[in-house]
Amino acid sequence: MSNNNASSNLVVAQRVVKQLRFEASVRRIKVSQAAVDLKNYCLQNAHQDHLLMGVPSNDNPFRPPKSCSLF
Amino acid sequence: MACQGLASGETLKSLKAESETLRKKLEEERKKLHDVELEKVAEKAEALGELNMKTRRTLKGHGNKVLCMDWCKDKRRIVSSSQDGKVIVWDAFTTNKEHAVTMPTTWVMACAYAPSGCAIACGGLDNKCSVYPLSLDKDENLAAKKKSVAMHTNYLSGCTFTNSDMQILTSSGDGTSALWDVESGQLLQSFHGHSADVLTLDLAPSETGNTFVSGGSDKKANVWDLRSGQNVQSFDTHDSDINCVKYYPSGDAFASASDDSTCRLFDLRADREVSIYSKDSIIFGAASVDFSLSGRLLFAGYNDYTINVWDVLKGTRVAILFGHENRVSSLRVSPDGTAFCSGSWDNTLRVRHEREG
């Protein structure tokens, strides 16, 4: 009984160490670099962002429906 | 006592000591690279003007709480699912209901539109994810063509098609996420690592490769490699359940919404949290988040019935949106970024956009 507990604890501990070793090997960049890239992406794409800029009324598919007359 | 696979000299004690050392090393590495705050870098960026968001459509028809919603790639159709088991496909332009399915389960917590627009997937307390092909024939009984794809051992919390109608990624209360083949129902890959319910997942934008992020009740957000099943990165700065995760449009970061009433931004290349969106006055949990097309705005739905709109770069709130009469459970920006839709426990969905000028 206690052998089983011990070996499953070991398996868990081995898994944790393996995962941590993997995470420690991940290549990271400085926050300053990452932040500049995030900022540049936002600014470069701002003009296409209609939730930021607004949609001109005639282009807007969600504009309040107008009534049509059929002749 | 013989144990398999142990390197020489490895004991429980030495493994625990090594994991402590590794954790400390990880913390130090991340700290070293933390040379500036995102807000500082964003200081020079122009401040955002006042937003003028208006509700343009209110979709009424669900008889109970709306739990989840998703947009079709055609930017006009929406699928939503509810506590009473109903899944409805709407034309958001006209507010017409195009299809309705009654699931054989309540609490349909997850729903998704297929990339082709020809099918939807949904599931919840039935522990499954089912796919319904959408027929052009309005009279056809959708339930007859239903296909059970995913089987978990606890509730389905999230589902999304990958880049085609052929594969589905699911997250579950059983603590795992899984990738399935739709046609055969075969399990292609499973993802283990969360120590409690997985509540949410999001697939990386297709240009950035084969990864997805998941969030759980264990307060962790994990990034996974779809092919290998490997957990490649892990973030654990939240103080409570993570209800929603969404990738930043470039794929280099993701945002999270949590019961700890904050939303946070995690940069994947810096491997750390880089911003936190919170206010002392916001004390209710955040349930759902999504970015605007440029990534500048973060829309977040809360349990206090409001939607807060955050300036992602500066970390400030730029608008509060009212209107829902109960918790906002689900929120998504449309595929072309012109509008966003929110689903609520008040049984309705609202489509909003920004007016020009």
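To find a chain, count down the sequence lines: A is the first, B the second, and so on, and within it residues start at 1.
In this structure, the portions of B:Leu12 lying under 4.5 Å from any heavy atom of chain A include both its backbone and its side chain. Residue contact with chain A, scored on non-hydrogen atoms closer than 4.5 Å, involves the side chain of B:Arg272 exclusively. With a 4.5 Å cut-off on non-hydrogen atoms, A:Val17 touches chain B through its backbone and its side chain both. Interface residue A:Gln48: backbone and side-chain heavy atoms are both found under 4.5 Å from chain B. If you measure heavy-atom distances from A:Tyr41 to chain B, the contacts under 4.5 Å come from both the backbone and the side chain. Proximity to chain A is absent for every atom of B:Val318, based on heavy atoms less than 4.5 angstrom apart. The contact between A:Leu43 and chain B is made entirely by side chain atoms (from C-beta outward), counting heavy-atom distances below 4.5 Å. The contact between B:Leu265 and chain A is made entirely by side chain atoms (from C-beta outward), counting heavy-atom distances below 4.5 Å. With a 4.5 angstrom heavy-atom cutoff, B:Ala253 touches chain A only via side-chain atoms. For a residue to count as touching a neighbouring chain, one of its non-hydrogen atoms must lie under 4.5 Å from one of that chain's; by this rule A:Val16 touches chain B with the side chain only. Heavy atoms closer than 4.5 Å to chain A are found in both the backbone and the side chain of B:Asn231. Interface remark: B:Leu38 contributes backbone and side-chain atoms alike to the contact with chain A (heavy atom separation under 4.5 Å).
Using modelled atom types, one side-chain atom of B:Arg30 and one backbone atom of B:Asp271 make a donor-acceptor pair closer than 3.5 Å.
No close placement of the B:Phe299 and B:Phe291 rings is indicated, their centers lying 6.0 Å or farther apart.
Between chain A and the options B:Ser292, B:Ala42, B:Ser234, B:Gly49, heavy-atom pairs under 4.5 Å are most frequent for B:Ser292. When B:Leu51, B:Val351, B:Asp252 are compared by the number of non-hydrogen pairs under 4.5 Å with chain A, B:Val351 comes out ahead. In terms of heavy-atom pairs under 4.5 angstrom with chain B, the leader among A:Val31, A:Leu51, A:Leu52 is A:Leu51. Counting heavy-atom pairs closer than 4.5 Å to chain A, the top residue among B:Gln230, B:Lys40, B:Met53 is B:Gln230. Put simply, of A:Ile29, A:Leu38, A:Asn45, the one with the most heavy-atom pairs under 4.5 Å next to chain B is A:Ile29.
Listed here is the closest heavy atom pair of B:Ser275 and B:Gly315: OG-CA, 4.4 Å. Between B:Pro335 and B:Cys72 the shortest heavy-atom distance is CG-O, 3.3 Å.
A salt bridge between B:Glu28 and B:Lys31 is absent, with no side-chain N of the basic residue lying under 4.0 Å from a carboxylate O of the acidic one. A salt bridge does not link B:Asp290 with B:Arg332: every distance from a Lys NZ or Arg NE/NH1/NH2 to an Asp or Glu carboxylate oxygen is 4.0 Å or more. Classification of B:Arg264 and B:Glu273 as a salt-bridged pair holds, one side-chain N sitting under 4.0 Å from a carboxylate O.
Listed by first and then second residue, the side chain to side chain donor-acceptor pair (under 3.5 Å) pairs involving residues 15-24 of chain B are A:Arg21-B:Glu18 (not counting sequence neighbours). Screening residues 30-52 of chain A for salt bridge (Lys or Arg N to Asp or Glu O under 4.0 Å), with sequence neighbours left out, gives A:Asp37-B:Arg269.
Side chains of B:Glu37 and B:His34: a donor on one and an acceptor on the other come within 3.5 Å. B:Thr176 and B:His194 share no donor-acceptor pair across their side chains, judged by distance under 3.5 Å alone.
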